[in-house]
Amino acid sequence: MDKRRRARVQGGWVAPSNPQTSKEQPSGVGRSATVGARVVPIQHTDGCKPVKNVRSDRDRKPMPVGPAWLGKNIDQVVPKTTFVFEEPEEEIKLKPSDQLITKAGVYDISTEPSGLSRLRYFPQFLDSSRSDAIFAELFHEIPWRQRYDIHNGVQAIQPRLTHWYSELPYTYSGVTVEANTSEWPKSLKELKEQLAELTGIEFNSLAANLYRDGHDSIGWHSDDEPIMGKTPVIASLSFGDERVFELRKKPPPNKSGERDYTYSQVIRLSLTGGSLLIMEGWTQTDWQHRVPKEYHDRGARINVTFRVAKPAHYNN
């Protein structure tokens, strides 16, 4: 009978009475009624006493406000996250997009405090028949030599053949090339006059390079030797097989004077037989150039660069 008197109420259960005392309790205790948030026993008219130990919602601790999972981990302290903007310790650097030049035109590749760097590109300066004839003449008439470079005190053989035409000696990469006053081949004298009409410049020196195949190359460098002056104009003519020509921007030197070329922009051109590329302005000051190795079949290529050389004391 005591079990039947136990009633489920809002916010709690009627606690079971002591088995020993429950037998002595008089009958007549019925259901409880809810008044507001408090459970109040119903007083019956048969004189029975109300049931004791009834839990009230007033005594219940309020449920925590928040996600359900928070209540299941009440012993876990959730740190409050605060986002604070901090300036990066190092400057974020982005590499400019590389550029491919394929069309004839004038290209201003950079403008620095030093000045303007400019390229003039003529992909078909000479027709193919004349270009082929000049290649054959130069290939057989120029007394080609293979020289050595010196880098950081180490001597290395150049991966190409060269020749220098000028009344002045030429020093580069730790090597001095003697002056050469021998007569120029006929085709070079004709090209010299043709370039004078185009540029208005009387070139007096010439460096010739023979790349025997795709494995011959020339590394990154600038033609900024003192005898060339601060803003030399260099006219480069190509004969024979096509080769890639690249330029890269010089970054500012660090405290030790070294340059990190990781983020330098690169400009590429494919120089075919009969093409002309003129570098002028501050290109030799602010840029480097090279002809990289290529790992597929390439035939021989001859490149001649017309220059104006003066004794160093005239260029100061």
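Geometric assessment of Arg298 against the ring of Tyr211 yields a negative cation-pi assignment under the 6.0 Å and 45° thresholds.
A donor atom on one side chain and an acceptor atom on the other are found under 3.5 Å apart for Ser222 and Lys250. For the 3.5 Å distance criterion, the side chains of Gln158 and Arg147 fail to qualify, holding no donor opposite an acceptor. Remark: the Ser236 side chain and the Asn303 side chain contain an N/O donor-acceptor pair separated by less than 3.5 Å. In this model, no donor atom of one side chain and acceptor atom of the other lie less than 3.5 Å apart for Ser238 and Arg243. Under 3.5 Å, the side chains of Arg307 and Thr305 contain a donor-acceptor pair of N or O atoms.
Surrounding CD of Glu183 are at most 12 heavy atoms belonging to other residues, nucleotides or ligands under 6.0 Å away. More than 12 heavy atoms of other residues, nucleotides or ligands shown are found within 6.0 angstrom of OH on Tyr107. Enclosure of atom CD in Glu242 by more than 12 non-hydrogen atoms of other residues, nucleotides or ligands within 6.0 angstrom is indicated. Within 6.0 Å of CD on Glu167 lie no more than 12 heavy atoms contributed by other residues, nucleotides or ligands.
Side-chain contact between Gln194 and Phe125 is present, with at least one heavy-atom pair separated by less than 4.5 Å. Thr262 places none of its side-chain heavy atoms less than 4.5 Å from the side chain of Lys93. Two residues are said to be in side-chain contact when any heavy atoms from C-beta on lie closer than 4.5 Å; Gln284 and Lys230 fail this criterion.
Atom CD1 of Ile101 and atom CG of Leu269 lie 4.5 Å apart (nearest 0.5 Å). Atoms CG and CZ, on Leu206 and Phe306 in that order, are 5.0 Å from each other to the nearest 0.5 Å. Separating the CG atom in Leu191 from the CG atom in Leu138 is a distance of 8.0 Å, to the nearest 0.5 Å. Taking CZ of Arg212 as the start and CG of Asp241 as the end, the distance is 15.0 Å to the nearest 0.5 Å.
In terms of hydrophobic clustering, with Ile, Leu, Val, Met, Phe, Trp and Tyr side chains grouped at heavy-atom distances under 4.5 Å, Val308 and Tyr170 are assigned to different clusters.
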